[in-house]
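Labels below follow one simple rule: chain letters A, B, ... track the order of the sequence lines, proteins then strands, and each chain is numbered from 1.
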Number of protein chains: 2
Amino acid sequence: MQRATVNFPINRQAVTVDVVLFTIQEDRLHVLLIQRKHPPFKGAWALPGGFVRRDESVDDAALRELQEETNVRSVYLEQLATFGEPDRDPRERVITVAYYALINWERVQLKARTDAAAAAWFPVKQLPPLVFDHKQIVAYALERLRHKVNYTTVCFQLLPKQFTLTELQRVYEIILDQQLDKRNFRKKMLQLKILKAAGGFKQEGPQRPARLYTFPEPKVITLQEKGILVPF
Amino acid sequence: MQRATVNFPINRQAVTVDVVLFTIQEDRLHVLLIQRKHPPFKGAWALPGGFVRRDESVDDAALRELQEETNVRSVYLEQLATFGEPDRDPRERVITVAYYALINWERVQLKARTDAAAAAWFPVKQLPPLVFDHKQIVAYALERLRHKVNYTTVCFQLLPKQFTLTELQRVYEIILDQQLDKRNFRKKMLQLKILKAAGGFKQEGPQRPARLYTFPEPKVITLQEKGILVPF
DNA sequence: GCAAAAGTGTTCTAGGTACACCCATGT
DNA sequence: ACATGGGTGTACCTAGAACACTTTTGC
């Protein structure tokens, strides 16, 4: 009798969101990390995140945390998985819903937050030690991103509105960590008919200007029917 | 100052797990549902699930709920996604971590639970009205299962230890909801070299006996390297 | 001998992979 | 004229898709 009523409050849990925000800088994939300002693990690096409020959806909480760190509203954000080992946080039981997000490097403007000492981008291959199970979360996010690249258009989220085919190919190469054949890449990308020539050209050095393209689809699309992008 | 301490208890949330348990009966994919014994929605059908306890991992909570319904310990269980709209439960804010699970029809033994009036299998194509967002969760589980079938060996979880190639093909056909070519199916399945002839034969009617196979790998494997099973 | 499911190979086609040279520009 | 990255086409090969008949058994 009493058990049912006693159990109720006991079952309430702390729920957080953590976001693995990727961008590309200097030809490498980077992840945004926050240096913790408060114990536990004060000074250690962690993923941006925080508590889910009672009046917002979990997705909204992730978006909000991201905005508080980066000042950016519209990023591509996708739920990854929920991590719920009872001892993953030493203070108390915390269940976290992990997300990953992609942002074009031109749009990033970091903003220090009150409860974080500093925010910085780290190359995903050279991460500092991370608190809790955040290393595992980043590894999982990277795995998901690598898979997703093969059959969706998530890569475009890492590029500015207009980009050249070579820049696009670089994004694929950086994420997949392997070189791709230029002719095969272009052939495949263009025959998908998802890119539109922007009309303009871009010239970086003393060479032939590169044609600029845009991705007119509103968001990320899955290419199951159109033709899979896969291993090239 | 006071804010930080006040916010803390407010941020505690009710967290549940819900499991979409699939099995195959009568050549159709079925889902296990529970008829609610208590308000709200008393008498309505819902996915099996319950609160995550403070001392167990979220995965363990899903396993425990499943055991309480089916009496079965080792099922294939995979986290699907977390559903966290603030108004998905009319009583209060409940965040649920959804799972899907697969079980061989021979191993299912339903057991009525104290807080559920009844448990029953429903064809996934003829579900009754479901409470909360459970209809959406089932749809998502089905989508995941259909994808997963193409590049993993999850299907074997729906079959007994020993099975014929025709039975295996039926499982694929039922899940994908399309007919497959017998010769191409067998060719592809056998060249993956993941099946072992069990030695025995199975005969159902007045026809040639079918060779029995087993799947010796301990669990579900991903076929990325071995060769993708995909659309046949 | 007939009904009913088990079992078996080949051809065609599409798409992935490998590969090398000319083009436009700035200095 | 040369250095630099942009841009283009073909041949080969593998894997998926389509397709029909023989085998084994019970009645």
Taking A:Q126 for its side chain and A:P123 for its backbone only, find out whether a donor-acceptor pair lies under 3.5 Å.
-> no
B:T23 and B:R28: side-chain donor and acceptor closer than 3.5 Å?
-> no
Distance-only, no hydrogens or angles: does the A:Q157 side chain make a donor-acceptor pair with backbone N or O of A:C155 under 3.5 Å?
-> no
Quick one: does A:R88's side chain get under 4.5 Å of A:H134's, heavy atoms only?
-> yes
Interatomic distance, A:Q178 CD vs C:dG16 P [rounded to whole Å] | 15 Å
Quick one, which residues of residues 156-171 of chain A touch DNA chain D with a heavy atom under 4.0 Å?
-> A:T166
Indicate the ring-plane relationship of A:F156 and A:F215, choosing parallel, tilted or perpendicular according to the 30° and 60° boundaries.
-> parallel
Reading nucleotides 21-27 of chain C 5' to 3', which nucleotides get B (base under 4.0 Å from a protein heavy atom), which S (sugar-phosphate only), which -?
-> --BBBS-
Quickly work out the A:F185 CZ to D:dT8 C1' distance and round it to whole Å.
-> 16 Å
Between P of D:dG6 and CG of A:L190, the distance in whole Å | 14 Å
Euclidean distance, atom CZ of residue B:F201 to atom P of C:dA5 [Å, nearest integer] | 19 Å
When rounded to the nearest 0.5 angstrom, what is the spacing between CG in A:L77 and CG in A:L21?
-> 9.0 Å
Within this structure, what is the CE-to-P distance between B:M189 and C:dG7, rounded to whole angstrom?
-> 14 Å
Ignoring hydrogens and angles, tell me if any N or O in the side chain of B:Q79 forms a donor-acceptor pair with the backbone of A:T82 under 3.5 Å.
-> yes
Could you give the CZ-to-C1' distance, from A:R183 to C:dG15, as a whole number of Å?
-> 17 Å
Roughly how many Å is it from CD in B:Q179 to P in D:dC19, rounded to a whole number?
-> 14 Å
Determine: side-chain N/O of A:R186 to OP1/OP2 of D:dG7, distance under 4.0 Å, yes or no.
-> yes
A:E69 side chain vs A:L66 backbone, donor-acceptor pair below 3.5 Å | no
Output the distance between atom CZ (B:F185) and atom NZ (B:K187), rounded to the nearest 0.5 Å.
-> 13.0 Å
Any N/O pairs under 3.5 Å between the protein and nucleotides 10-15 of chain D? List them or say none.
unit_1 : atom_1 : unit_2 : atom_2 : d
D:dT10 : O4     : A:K187 : NZ     : 3.0

Donor-acceptor contact below 3.5 Å, side chain B:R146 vs main chain B:I175 | yes
In whole angstrom, what separates A:R211's CZ from D:dT8's C1'?
-> 13 Å
Report yes if the distance between the aromatic ring centroids of A:Y213 and A:F163 is under 6.0 Å, otherwise no.
-> no
